[in-house]
Protein chains: 2
Amino acid sequence: MTKQPKYHQVADVLRRDVVGGTYPPGARLPSESELQERFVASRNTVRAGLKLLASEGLISSSQGLGYEVRKHEVFELNASRFENLTFPQNGDAFSTDVTNAGRRPHQTFRVELAPASEYIAQRLKVAVGDTSVLRFCHRFVDDVPWSTQATQYPEWLVTKAPRLTEPGDIAEGTTRYMTGLGIEQIGYYDEIATRMPTPDEARLLEIGAGVPVLLWTRTGYSQERPIRCTVTTFRGDLNRMNYEIGDLSARTESEPQ
Amino acid sequence: MTKQPKYHQVADVLRRDVVGGTYPPGARLPSESELQERFVASRNTVRAGLKLLASEGLISSSQGLGYEVRKHEVFELNASRFENLTFPQNGDAFSTDVTNAGRRPHQTFRVELAPASEYIAQRLKVAVGDTSVLRFCHRFVDDVPWSTQATQYPEWLVTKAPRLTEPGDIAEGTTRYMTGLGIEQIGYYDEIATRMPTPDEARLLEIGAGVPVLLWTRTGYSQERPIRCTVTTFRGDLNRMNYEIGDLSARTESEPQ
DNA sequence: CACATCAGCTTGTACCAACAAGTTGAGCAG
DNA sequence: CTGCTCAACTTGTTGGTACAAGCTGATGTG
């Protein structure tokens, strides 16, 4: 056991208190000056310890109020059912899922023409900088920012599906709209990654320190070629994804919660 | 545009330099004292700015060496093919995947009996605290810690598949071994989440500040009930997962990269 | 009672100083 | 030339001070 720096010890003790339940989720921690007395340390040292816990996502602080233990209520997203290839539901999946969970959904839309980034171009199989239709969506649950979603469609699709450039939501859902036009999405390729948010993402999703984002990229394919690429950015502390693959009849009989 | 704190400005300028390529991945940043002169700020202020960038995962620092720009080389894991239900490959999937990528895999095994946590118990449909077989695996790529994997099997399985309690690897792969005994995994339920690492995880995976972990839980099912639960913890900066769902014949013809 | 003010708490920012500890390369002893 | 020592760099830790800024409840005024 090598000697650890004092601010590290402060963090360790407080972490044990937090995970042990001494300070339950939502509770307020002692103030910095109280912790100075408790640990016989300078304010800087106590703050370093608290900052460590904040960067682990355990606590958050606000000026004038103090430090409090983060509470996590995760929202589960079933990615393999999200837009079922065989049974597309009516309307958009987000609103129905959230409403079913007894929460209040809210979303804002924005549509624009944007050049394809390298990331998008590679997936849509178009050239970098080519025009694409960008449908951007900012989603809230009970007025808390939840995720952003940016779907880009290749330019050649617009002639077949002109309503894609319409501002605002497409009532019956874009997938269903396109299916009605004979543009059928018969498969998709999902990529999942995580990282810390960029300053822009942190602002949009109101993310504090110590909360990563979950990145979900879904590229949809027709028989011939990719027809859309959706990048969803989730707040990592509020979301979880799942996939159901194969026969899960043994699972569904007594669904936990 | 409200006035931003000075350490924030420091971070903004350096961030622009980093993402803009002034300091390419792997490059060393100017020392703290040089940055003090450049920004006309105290050492603490400069350090606060650098710490902000570190917590975003952009840079890392080491005592005596300085700050350097993080380089990301991600390893892609195909979760839907990882242990294909219809075509199980020989040996374990990790080693073959890594070797195919031209890298050198390495892994250590540990087997023990452990009580089921609430998380595990719920998924294996056993009581909390029930004995389970824990097969733990620590994986490296080119000697860099990559992921940890903990698979737990319910106790009732051991009578049917006694080799599960053997220490060390099971050469032909546990899935194939169990299939040979008539215990067939016909479906699985995947859950994906992200968060900052616990101190233990940070130590095992040698994770610095600003790097989240990607958590992948796979619960495997036979016709009747769950037969295993695997929790994999990835370094978020080095790994990405993907799922192929439906017909993707349009994708595979000219695979990018 | 309604409402504005303010004292007293909280955290946030910015500075200074000093020493510890890790790394590297110059330079000296053998 | 080899190998060791050490000075001079780097970041890490800990202490201090001062003031800014956000929040809350008590207080006093209309």
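- The side chain of A:T45 sits closest to D:dT14 out of C:dT10, D:dT24, D:dT14.
- Distance, A:Y67 OH to D:dG22 C1': 14 Å, rounded to whole Å.
- For B:R43, whose side chain is taken as the heavy atoms from C-beta onward, the closest listed nucleotide among D:dT11, C:dA14, D:dA20 is D:dT11.
- For A:P5, taking side-chain heavy atoms from C-beta onward, the closest of the listed nucleotides C:dC15, C:dT11, D:dT13 is D:dT13.
- Note on ring orientation: taking the six-membered ring where Trp is involved, the planes of B:F75 and B:W146 are perpendicular (angle over 60°, cut-offs 30° and 60°).
- In this structure, of D:dT13, C:dT24, C:dT13, it is C:dT13 that holds the atom nearest to the side chain of A:R47.
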**Message:** Please determine whether salt bridge (Lys or Arg N to Asp or Glu O under 4.0 Å) holds for the pair B:R123 and B:E118, giving the CA-CA distance in whole Å, both sets of side-chain angles, and the decisive distance to 0.1 Å.
**Reply:** CA-CA 9 Å; B:R123 281 155 184 77; B:E118 188 187 332; over 6 Å; no
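- In this structure, A:K6 atom NZ and C:dC19 atom P are separated by 17 Å, rounded to whole Å.
- In this structure, CG of A:L29 is placed 20 Å from P of C:dC9, rounded to the nearest angstrom.
- Salt bridge absent: A:E73 and A:K71 never bring a charged side-chain N and a carboxylate O closer than 4.0 Å.
- Residue B:E32 has its side chain nearest to D:dG12 when only D:dG15, C:dC16, D:dG12 are considered.
- Distances shown here put every side-chain N or O of B:S62 at or beyond 4.0 Å from the OP1 or OP2 atom of D:dT10.
- Counting to the nearest Å, the P atom of C:dC15 and the CG atom of B:L35 are 14 Å from each other.
- For B:E34, taking side-chain heavy atoms from C-beta onward, the closest of the listed nucleotides D:dT10, D:dG15, C:dT10 is D:dT10.
- With respect to the salt-bridge test (charged N to carboxylate O, under 4.0 angstrom), the residues A:E68 and A:R28 do not qualify.
- Under a 4.0 Å N-O distance rule, the pair A:E56/B:R195 does not qualify as a salt bridge.
- Nucleic acid contact class of A:S61 (heavy atoms, under 4.0 Å, all strands): sugar-phosphate only.
- When heavy atoms are screened at a 4.0 angstrom cut-off, A:A41 is found touching the sugar-phosphate backbone but no base atom.
- Comparing A:Y7 and A:G64 by the nucleotide of DNA chain D whose heavy atom lies nearest to each, the residue mapping closer to the 5' end is A:Y7.
- Computed from coordinates, the A:H8 NE2 to D:dT14 C1' distance equals 15 Å when rounded to whole Å.
- Counting to the nearest Å, the P atom of C:dT10 and the CD atom of A:Q36 are 10 Å from each other.
- B:Q63 has its CD atom 13 Å from the P atom of C:dT24, to the nearest Å.
- If you take NZ of A:K51 and P of D:dG12, they are 13 Å apart, rounded to a whole angstrom.
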